[in-house]
Amino acid sequence: MRRRCAGKGPPVRTFAPVALMMLALAGGATAEREESGQGGLAQVIASSFRARGQADLDRLRQTPMQLACSVARPDALPADVQQRIRRDALQTVRFPPDGRWLGEWQRGEKIAQSGTGLQYSDPPDAPRGGNCYGCHRLSGTEVAFGTIGPSLYRYRQRNTGDADAMRRTWIRIWNTHAFNACSMMPRFGDAGILTPEQIRDVMALLFDPASPVNR
Amino acid sequence: MKIRAAMQAGRVEVKILMAHQEETGLRKGPDGELVAPHFISNVSVMHAGREVLRVQWGRAISKNPFLQFAFRGASRGDELTVTWVDNLGDSRTDRITIT
Amino acid sequence: MDNSRRNLISAGSLLAALLAAGSKAADLAQPPAQWNRAAFEAKTVADALKALGIPVAQGGGEVNLTAPEIAEDGAVVPVIVKSRAAGTREIHLLVDKNPFSLAASFFFPDGTDAFVSTRIRMNETSNVIVLAVTDRQAYLVRKQIKVTIGGCGG
Amino acid sequence: MPCVAGPRPAKQGVRAIADRWPLAFAASALAAAALACAAVRAADPTSVYRQMLADDNPAELAVARGQELWQMPRGPKHAALTACDLGQGPGVLAGAFAALPRYFADTGSVMDVESRLVHCMVTIQGFSRPELAAAPFSELGEPQTDLEVLVAYVAAQSRGATIRVPQGAPQERDSYARGRDLFYRRAGPYDFSCATCHGADGLRIRLQQLANLTRSEGARSAFGHWPAYRVSQGAVRTMQWRLSDCVRQQRWPQLIFGSQAAIDLSTYLGVLAGGGTMDAPSLRR
């Protein structure tokens, strides 16, 4: 499983339902502009970046979701565009075949602390992190946490009584666009950033009663 | 070096910035090999033939080191001399007039 | 390593030479400056104190250490030390979890305040230890400084 | 103290997060986040650290070196840069940095301070453009590059100047428009745009404050403080370095030095920062 999903291929998948692309274009939500003056944006992008390390130029090609969400007010996208993005995202999610949601929170904490991975400066073989603390508060003792995403401190306690919490959290980590069309959180499973094993460990960090998130 | 020495209430307040890479010897370079230690080991500040501060530094000083101290017994217009020496034998001496 | 040690020794003697007779610093007629190699190469605070010749120190309300509780980057940690103990001759700065414990030694002649401000490196969250030495006593204070991880790349 | 979660009841859990997650762009959420974040800012755990480093900026060492290089006859043509026109006339430095990027008729292009300095070093001093462009920024442990110290010096001559990046020429307006589109462009394996981190007020990554670069206030703070001495690197870094390092962390390929995209992003920021005050080189983590 680790091998299958470790992101050996290009990490950005071009899952390209043509209908969505058309909708995005029709909705005026494209990031491309008409060419003008010293050259249009597409031309400028083509001449302004160079492949380096593991970051090849293919990474600049946008998925339909990326294209549609490249606007100042993604919440103002037409409802049907958002709905399609969510639906397509949900279809990418792969659940653990053995039904085991939780790995080890200790490994999950390491993954949450590490921001290594997929930068051209990172060794391609180095274990990747999720950099969860970059955006979220998790453990009660780590003071260096970001605030781009909501606090996940006491995550287990917040979800008591929700029988579906683990499945929903798995989806959120795998491809959060299933819930919110233009969420800012990376698609950790779908884009091959973390392996399913690693996602299990992050799940344990969130749900294990012994995890520092819940103590 | 960037040195400021200003009289304030009878004291000379001295602030010194030294341009130096301060390699700890513990950092790996792009080739994966440790970069050799290279750091300022001694600083001496002289006023009117008298040493007013003597410093020994190890490898744990930040790049482009900063040093601030204060002493008595000088006046505006006096000269202050700052000398550093590093572990590879490089050295630099700068002079400044107290304002 | 061998190379650097030789260099460390020569650094002290070079400054000594400069101070004694160097053309750049002809007016610096001072005793030779030293570099306390044993102290700066000590790997523990205890060994560093031993090499400094200060085996015993007492807790020091006389010594003031100003430093941030949280440093955003261990590469630059500002520290300000002030000793009110009469006759303070030396101030030493140590970091207990650095690979080499002793960071800096300052020597104050008469007329110079027992005060210094500088910026040090810290490998990780650790105690910063300040030792102020008078003619008769040594005072020790410590403060924990948390070194945080920053940025997007981790 | 979490910033975005605010005072909501804890039991809402996953659903609540699902509802709140992408709202940072929405006006209502912006207001809510601003309120919730006021408490965080007040208790900023790194404020002591920043205050202690506020004075005695080692960037002054680079400024002094930059001044030497500016005045010294150098290069194959053995000429000083004092004839270099940064937009206010040959050799005029005061306020020049605060009005860049701008359109230059002699090259027919919009240039920022870095590309213009390279232009001057090539045309006036005879240096090789490919060599300058190949290593514009110093590596860790290396001395600052000539370009870096020159940028620091030129920026210092605009300290206190009002930012007024021009939009008179059509090329300047195009540069702004492309820069703005680039700012919102999501791509790469992390789906990040500039706006992902810099699209709302009061956010942090880890402990680092993120300027909201969709508004003038945030743009002024960012544009007005670069170049900056990065304490994490022990070196003065320029705006193009700043942009390029953001792009690296976006998991995009490398932003080419002097590229149109780099200049356009600078134009976008500079125009948005209009009316702000230059205070660079500053000091940044």
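Chain naming here is simple, since letters A, B, ... match the order of the sequence lines and numbering starts at 1 in each.
Side chain of B:Gln56 to main chain of C:Ala104: no donor-acceptor pair is present (N/O by atom type, distance under 3.5 Å, no hydrogens or angles). Not one N or O on the side chain of C:Glu90 forms a donor-acceptor pair closer than 3.5 Å with the backbone of C:Thr134. Side-chain atoms of C:Asn98 never come within 3.5 Å of backbone atoms of C:Ser101 as a donor-acceptor pair (strictly under, hydrogens ignored). In terms of modelled atom types and a separation under 3.5 Å, the side chain of C:Ser126 and the main chain of C:Lys97 share a donor-acceptor contact.
Of the listed residues (C:Val76, C:Asp113, C:Leu102), the one with the most heavy-atom contacts under 4.5 Å to chain B is C:Asp113.
Listed by sequence position, B:Ala60, B:Ile61, B:Ser62, B:Lys63, B:Phe66, B:Leu67, B:Gln68, B:Phe69, B:Ala70 are the residues of residues 60-70 of chain B in contact with chain C, using a 4.5 angstrom heavy-atom cutoff. Residues of residues 1-10 of chain B placed with any heavy atom under 4.5 Å of a heavy atom in chain C are absent; none qualify.
Residues B:Asp86 and B:Ser41 bring no donor and acceptor atom of their side chains to less than 3.5 Å of each other. A side-chain donor-acceptor contact under 3.5 Å links B:Ser44 and B:Glu51.
Side-chain atoms of B:Val35 and B:Lys28, non-hydrogen and from C-beta on, never get closer than 4.5 Å to each other. Proximity of B:Asn87 to B:Pro37: side-chain heavy atoms (C-beta onward) are separated by under 4.5 Å at one or more points. The closest side-chain heavy-atom distance from B:Val45 to B:Thr81 is not below 4.5 Å.
For C:Phe40, the part sitting under 4.5 Å from any heavy atom of chain B is the side chain, from C-beta outward, and nothing else. For C:Asn123, no part lies near chain B; criterion is any non-hydrogen pair under 4.5 Å. Looking at C:Val95, neither its backbone nor its side chain comes within 4.5 Å of chain B, counting heavy atoms on both sides. Looking at B:Leu26, only its side chain comes within 4.5 Å of chain C, counting heavy atoms on both sides.
Heavy-atom minimum distance, B:Ile40 versus B:Trp57: O-CB, 3.3 Å.
For B:Phe71 and B:His47, the gap between ring centers is short of 6.0 Å.
B:Thr24 OG1 to B:Arg59 CZ: the interatomic distance, rounded to the nearest 0.5 Å, is 7.5 Å.
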